[in-house]
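Note that this is a predicted model, so its numbers are computed, not measured.
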Amino acid sequence: MKKNLAGLIYTGEKTDRLRELTVMRSLAALPVLGRYRLIDFLLSNMVNSGIKNVGIILQSNYNSLLDQIGSGREWDLHGKRSGMTLLPPFATTDSSNSYAGLLDALKSNMNFLRRNEERYIAVSESSFLYSLHYEDMLKFHLDNNADITLAYTKDRDARRHGSGRYLGLDDAGVVTHIEVDPSLPRYGNTYIGVFLMRRELLIDMVDRATSQGLHHFTREMLVKSLAQGYTKIMGYELDSKPFYIDTVEAYYKANMAALEPEIRKSFFTPERPVWTKLRDEMPTQYSGESKVNNSLVADGCIIEGEVEDSVIFRGVTVREGAKIKGCIVMQDSIIAKGAQIENCILDKQTTVRENAKLSATPGYPFVIPKNLTI
Amino acid sequence: MKKNLAGLIYTGEKTDRLRELTVMRSLAALPVLGRYRLIDFLLSNMVNSGIKNVGIILQSNYNSLLDQIGSGREWDLHGKRSGMTLLPPFATTDSSNSYAGLLDALKSNMNFLRRNEERYIAVSESSFLYSLHYEDMLKFHLDNNADITLAYTKDRDARRHGSGRYLGLDDAGVVTHIEVDPSLPRYGNTYIGVFLMRRELLIDMVDRATSQGLHHFTREMLVKSLAQGYTKIMGYELDSKPFYIDTVEAYYKANMAALEPEIRKSFFTPERPVWTKLRDEMPTQYSGESKVNNSLVADGCIIEGEVEDSVIFRGVTVREGAKIKGCIVMQDSIIAKGAQIENCILDKQTTVRENAKLSATPGYPFVIPKNLTI
Amino acid sequence: MLQKKQCVAMLLAGGQGSRLGILTRHTAKPAIPFGGKYRIIDFPVSNCTNSGIDVVGVLTQYRPLELNAYIGSGTPWDLDKNTGGIFVLPPYSTGKDGEWYKGTANSIYQNMTFIDQYNPDYVLVLSGDHIYKMDYSEMLAYHIEQEATATIAVRQVPWEETHRFGIMNTDANGVITEFEEKPANAKSNNASMGVYVFTWEKLRSHLIADENDPNSNNDFGRNIIPNMLSQNEKLVAYTFDGYWMDVGTIDSLWEANMDLLKDPPPINLHDRKWRIYARNVGRPPGYVGEKAKISNSLVAEGSDVNGVVENSVLSGGVVVEEGAEIYDSVLMPGAKVCSGAVLNRAIVGENSVIEADAVIGEKDAEIAVIGNNTVIPQGHKVAPGVQEGK
Amino acid sequence: MLQKKQCVAMLLAGGQGSRLGILTRHTAKPAIPFGGKYRIIDFPVSNCTNSGIDVVGVLTQYRPLELNAYIGSGTPWDLDKNTGGIFVLPPYSTGKDGEWYKGTANSIYQNMTFIDQYNPDYVLVLSGDHIYKMDYSEMLAYHIEQEATATIAVRQVPWEETHRFGIMNTDANGVITEFEEKPANAKSNNASMGVYVFTWEKLRSHLIADENDPNSNNDFGRNIIPNMLSQNEKLVAYTFDGYWMDVGTIDSLWEANMDLLKDPPPINLHDRKWRIYARNVGRPPGYVGEKAKISNSLVAEGSDVNGVVENSVLSGGVVVEEGAEIYDSVLMPGAKVCSGAVLNRAIVGENSVIEADAVIGEKDAEIAVIGNNTVIPQGHKVAPGVQEGK
């Protein structure tokens with residue numbers, strides 16, 4: 001009941017391969033699954049596991065992230081004993097105002113780590129969309145007497161050549177090897193950028209690592225700890241499918257996967273609601289002529305045309321005769337009469353003109369940037 | 001009853017002459033009057049005037065500012081229709097991440113200006129500590145059919161040679177001249193960096209000014225408007241004494257002035273409470289040996305020694321035999337047994353060792369930086 | 001002690017609301033779901049928020065728990081402020097024993113201390129069973145301009161319906177000269193909407209006088225307003241011409257839901273400048289399945305629709321299995337309709353389950369109602385006009 | 001419907017509290033100011049917050065308005081959450097008429113639906129008139145470990161005082177074997193603190209049985225606990241050895257305030273890890289004037305002290321003029337003491353004014369009490385033990 005686990009979310013990922021989607025926003029602020037941003041899942045995972053104290057390390061482009069999380073109210077993360085701490089890069093006139101990576105970010109936010117009262121801390125990067133019960137992970141960590149527990153998945157889609165971090169595990173689940181960005185991964189266990197450990201230990205390790213001139217959390221610090229053999233690192237396998245959001249195509253696939261009932265169920269259970277910023281939209285209006293199949297449709301839409309195999313965010317208008325197939329349409333976009341779009345990602349507030357036609361392949365979906373009219 | 005006035009606070013002031021006090025914080029985050037930061041007054045002025053929508057333009061060093069204002073809850077500025085919008089510098093990988101001045105900041109935050117629904121907007125810089133009823137200023141603005149209304153003071157202490165902005169006024173209160181940083185001011189009316197106008201007009205003027213390549217709000221934009229003669233600019237005289245916080249000495253004087261009943265009354269009226277971040281401290285404990293005279297003492301202090309003509313912030317400890325005179329002691333500082341300090345400014349969490357002696361003159365008070373032990 | 005307010009709102013959340021039958025057996029009327037994601041009380045309370053009124057007292061003595069839980073800290077309506085808020089006000093005891101609310105006026109009388117805390121100039125009195133969007137601040141401005149003791153919002157109803165309403169007869173200046181409760185032969189078609197602005201000082205003394213009158217029913221319509229008129233207080237009518245619907249009966253509740261499906265709907269809930277706020281329950285986007293056929297309907301988030309849905313309002317969390325058919329119906333949150341079930345002109349309460357092949361209601365017939373948390377067994381038939389359930 | 005909670009707290013805010021006399025004439029006991037900036041209810045509610053319990057029901061039927069206004073949206077105690085909160089629960093009607101709370105057990109009985117909404121495993125029952133800091137989560141852990149039906153917090157009182165308390169006799173394992181209400185010859189000095197943890201399922205059935213017993217007083221101490229014992233339920237005592245003070249009388253209220261002035265005080269309110277939260281009223285720092293002499297006192301923000309203050313507790317907004325003298329007294333928020341007035345062993349209610357040269361109380365005598373909003377005229381004398389005011 002009393003909190004013994006704090007949370008920390010790092011949002012400083014490099015996002016070049018997400019192209020237009022992350023030009024003006026951080027990865028964590030990326031809209032997903034019809035009414036969320038990626039951070040909503042990261043935060044809700046923590047809150048639903050009883051974590052009442054979460055720090056969010058901001059890097060750059062965080063206006064949309066600030067706007068989304070506001071006071072933390074939607075996640076019950078406002079208050080005195082509980083709460084959300086925003087950790088913007090500490091800018092003095094002469095500093096460079098950006099973190100070299102997670103380790104650097106942790107080092108710069110030692111104050112947050114020190115000030116907390118919780119015994120354990122769970123740290124999540126924001127490159128995966130996943131559902132995780134931290135209370136189970138903490139139990140696993142304690143049951144196994146681990147020093148550090150890393151969350152991983154055996155999911156094949158999460159395993160990517162040339163990028164990613166992979167864990168070698170023995171039969172007891174102890175991490176024996178850590179591979180970083182191998183051209184050909186040797187292990188099938190993909191680390192999802194989520195770890196849990198004693199808070200004091202993390203402080204110690206970060207302190208030592210940075211004083212030794214290390215820069216990378218996984219590549220150097222974890223690998224070195226492992227090599228020295230003093231640290232027991234356990235692997236905790238995720239029991240649901242996570243999605244690695246590193247490219248436009250991966251982003252597209254993750255959203256489309258939510259059309260499958262099993263995947264949807266893994267993200268949305270009534271006891272563990274995913275909280276997000278409210279818009280107070282009315283329910284979606286379907287006209288007499290609308291035809292919608294196999295799609296997610298959020299509140300506040302007006303659907304007069306046809307929608308198939310798509311994810312429709314809040315406040316989208318699809319006019320008569322318009323046809324949408326295999327698309328992700330972000331909030332407040334307007335698809336005018338007779339327009340036809342297929343396999344596209346429409347960012348927020350885009351407008352597709354009357355009778356305009358756009359068609360791509362699912363393997364390489366088009367991205368229409370925010371606010372554009374085409 | 002329905003809101004027709006929005007607020008905007010600019011916190012990007014240059015603060016070199018405040019020395020150690022603003023190395024790690026913006027001017028708006030400067031602790032003042034025993035339990036506040038400067039921003040508390042700027043915000044409370046607005047909130048107590050019925051303004052429900054305030055933007056805060058952040059520049060650099062805003063961690064402490066973020067920490068102070070949090071979700072805006074203490075000022076009732078959390079919510080859907082009302083609220084506080086944090087406007088951090090918009091950093092993309094290639095931009096310089098800092099505003100050239102108010103005009104530049106307004107230009108960069110056009111979205112905030114456009115998104116609001118209020119007809120009027122009050123904009124405040126943060127170089128003055130003042131008490132102002134914006135509802136009266138708005139009424140003055142409307143009664144005078146003004147395009148722009150600038151708040152000014154006739155107070156002599158606010159008038160500084162070599163810095164500041166001064167207004168020439170005709171008998172009707174119409175602004176006829178604007179002087180910026182003259183070596184010898186011609187006019188006795190000091191502009192306190194607060195103006196009010198129609199929101200749409202501000203948008204127009206900023207748009208035009210920046211498209212003409214102007215950079216300074218007052219020096220160029222206002223002066224030019226005045227010269228062109230199309231704009232009716234009124235001066236609104238403050239009915240209480242404002243304090244220009246541009247140097248350590250001015251900061252010291254402003255705090256000491258609050259020991260005078262009249263000044264205190266002008267800042268603190270029960271109907272217009274000044275809200276601040278809560279610390280939930282207990283009332284201050286005065287021991288049997290304590291001796292306190294002519295001082296402001298916030299909650300959570302332990303006073304065992306002597307305090308005279310001083311401003312004591314929350315959570316300060318003054319041990320037996322310690323003597324404090326003419327000092328500003330910021331929160332959680334500790335003055336050990338027998339220490340004597342006179343005319344000093346102790347920043348947060350400083351410690352003065354047993355029997356240490358520190359003495360300066362009121363005209364040039366010493367500043368002990370945060371966290372230091374002396 | 002508290003900050004002075006120009007105007008405080010008092011919402012009469014009412015008694016059991018027996019005309020809504022089974023739907024109010026375990027729920028106070030204002031807490032009844034409406035329009036797919038709202039509850040009735042969201043309308044007057046959001047109107048307050050949007051009108052800049054930030055103190056709302058909710059007067060109720062009937063099952064306030066659900067209302068209490070729904071209202072919570074007032075966050076959804078921006079009413080969680082230091083200087084204001086929303087308060088559920090049941091009767092209470094001032095000494096040995098307390099008194100239940102005897103009538104609408106008595107409920108305000110018993111809470112005079114609550115109102116006095118804010119030292120308001122005006123009090124807005126509202127009902128908890130009407131669907132409408134109204135800017136009370138304009139009505140208040142009219143009240144102030146007219147220097148009235150009471151301003152009563154009226155709307156023009158068809159002459160043939162005047163016998164169902166409280167009718168306000170006014171002179172050419174809109175000053176009320178006579179009030180007739182459900183007149184057989186109305187002289188005007190200005191019907192009271194149950195929305196009043198009072199000058200607090202005046203109302204206060206009238207409430208005290210009314211309380212001291214042992215023959216009074218302590219009711220606004222029957223006592224306070226007629227007494228004010230007879231004492232020559234200035235009462236004015238304020239004409240409202242927007243959408244307004246009393247949802248105090250099964251038929252009107254159904255009808256008001258159906259109004260949202262009209263093109264264009266007579267009440268615009270898309271309006272960004274006048275949002276109707278509701279408590280959020282964190283549901284995912286709605287899913288529309290491969291075989292779904294939705295037409296002319298409202299469907300809220302958290303739903304999973306795989307059957308045929310026509311001219312219906314589906315609330316959050318509603319599940320419609322493949323092969324189910326729903327026509328002209330209202331499904332409240334969490335209702336489930338199984339394969340082969342057919343609904344026509346039905347209202348289905350929260351979390352109820354219509355099992356496979358059950359048949360509820362009929363086309364062009366009276367509304368059939370299923371209560372909350374009710375299971376209608378497989379193949380079972382519920383006839384039109386029937387209410388079934390817990 | 002709501003999220004499941006392991007434990008829900010129910011705070012018995014009690015009736016009129018007549019032993020506090022004039023101080024509770026217009027105020028519910030839990031809303032009485034204490035310690036310069038708190039109200040009594042801040043202690044149990046802050047304990048809940050600090051113990052990680054985030055649903056608190058406050059049971060009261062006596063003047064809940066002030067409590068309601070004080071509690072507001074629950075923000076000061078971090079209880080303004082989507083998934084929890086603090087709720088004032090007066091009696092209500094489920095149909096035609098309602099019922100006032102008959103006793104402590106009945107008040108919980110009437111709110112079983114409220115508790116059931118959270119489907120809790122345990123219910124923590126608290127009183128609203130005790131000053132103490134206690135980690136309920138440790139008591140709850142003990143309850144779970146012991147697999148008890150009820151766990152009752154006890155503290156050891158001096159043997160000569162046992163006749164004033166409910167005494168728990170236990171076996172060697174701490175299992176309660178007997179409960180004696182105010183025994184003449186106590187067998188143990190373990191006195192109940194009025195803090196209980198119950199396994200909800202068990203308590204629930206006992207409450208129902210108790211309600212059906214027409215001879216019951218529907219009281220925890222007199223009925224529920226003895227019945228549980230007689231039915232061989234496992235009841236265990238949980239020993240608490242921190243500071244605890246019942247402030248239900250004028251003397252104990254004064255004494256508890258004076259305890260804060262001891263060196264060191266028996267209850268540490270400086271503790272950063274166990275803050276006692278209170279509603280903030282936005283007062284400026286206290287001002288201590290040129291001529292002020294404060295010694296061994298607590299002085300809150302918003303005060304303006306220019307006279308002599310010794311061994312006293314001064315709340316927010318208190319004004320002490322030059323030449324006034326205050327000894328061994330408690331001044332509640334907004335009280336004003338004018339020049340030449342002398343206070344000895346006095347409690348002065350909120351916003352009261354002691355005019356010039358008035359004399360209240362005496363050294364080494366009984367406590368004198370001035371009610372709220374009272375003006376004691378110039379030169380007037382209030383004798384020890386007297387209560388004067390509105």
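Of the listed residues D/A300, D/S303, D/G286, the one with more heavy-atom pairs under 4.5 angstrom with chain B than any other is D/G286. Of all the listed residues (B/L259, B/V292, B/D299), the one sharing the greatest number of non-hydrogen pairs under 4.5 Å with chain D is B/D299. Considering only heavy-atom pairs separated by less than 4.5 Å from chain D, the leading option among B/P273, B/A298, B/P261 is B/A298. With respect to chain D, the highest number of heavy-atom pairs below 4.5 Å among B/G288, B/S295, B/C301, B/G315 belongs to B/S295. By number of non-hydrogen pairs under 4.5 angstrom with chain B, the leading residue of D/S46, D/P76, D/G289 is D/G289.
Going from atom CG of D/L298 over to atom OH of B/Y286 covers 10.0 Å, rounded to the nearest 0.5 Å. For the atom pair CG of B/D280 and OH of D/Y38, the computed distance is 8.0 Å after rounding to the nearest 0.5 Å. The CE atom of B/M282 lies 6.0 Å from the CG atom of D/L260; values are rounded to the nearest 0.5 Å.
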ask   = Going through the checks in order, is the side chain to side chain contact (heavy atoms under 4.5 Å, CB included) test met by D/N280 and B/W275?
value = CA-CA 9 Å; D/N280 169 43; B/W275 303 103; 3.7 Å; yes
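For chain B, no part of D/D263 is nearby; none of its heavy atoms comes within less than 4.5 Å. Both the backbone and the side chain of B/R279 come within contact range of chain D, each with at least one heavy atom under 4.5 Å from a heavy atom of that chain. Using a 4.5 Å cut-off between heavy atoms, B/L278 touches chain D through its side chain atoms alone. For a residue to count as touching a neighbouring chain, one of its non-hydrogen atoms must lie under 4.5 Å from one of that chain's; by this rule D/K293 does not touch chain B. There is no contact between D/V305 and chain B, counting heavy-atom distances below 4.5 Å.
For the residue pair D/H270 and B/G300, the shortest heavy atom distance occurs at CE1-O, 3.2 Å. D/G35 and B/P283 get closest at one heavy-atom pair: O-CG, 3.3 Å. In terms of heavy-atom proximity, B/Y36 sits nearest to D/R283 at OH-O, 3.5 Å. Nearest approach of D/P265 to B/Q285, heavy atoms of both residues: CG-NE2, 4.3 Å.
Here B/I245 pairs with B/L18, B/L27, B/L30, B/L129, B/F243, B/Y251, B/A254 under the side chain to side chain contact (heavy atoms under 4.5 Å, CB included) rule; sequence neighbours left out.
Scanning residues 313-333 of chain D against chain B with a 4.5 Å non-hydrogen threshold yields no residues.
Remark: the backbone N or O of D/S295 is not paired with any side-chain donor or acceptor of B/S287 at under 3.5 angstrom. One N or O on the side chain of B/N293 and one on the backbone of D/A292 form a donor-acceptor pair closer than 3.5 Å.
Ion pairing between a basic and an acidic side chain is recognised when a charged N comes within 4.0 Å of a carboxylate O; B/D332 and D/R272 show such pairing. Using a 4.0 Å cut-off between charged side-chain N and carboxylate O, B/E281 and D/R275 make a salt bridge. With respect to B/R73 and D/D80, a salt bridge is recorded, a charged nitrogen being found less than 4.0 Å from a carboxylate O.
Atom NZ of B/K323 sits in a sparse spot, with 12 or fewer heavy atoms from other residues, nucleotides or ligands closer than 6.0 Å. Counting non-hydrogen atoms of other residues, nucleotides and ligands closer than 6.0 Å to NZ of B/K241 gives a total above 12.
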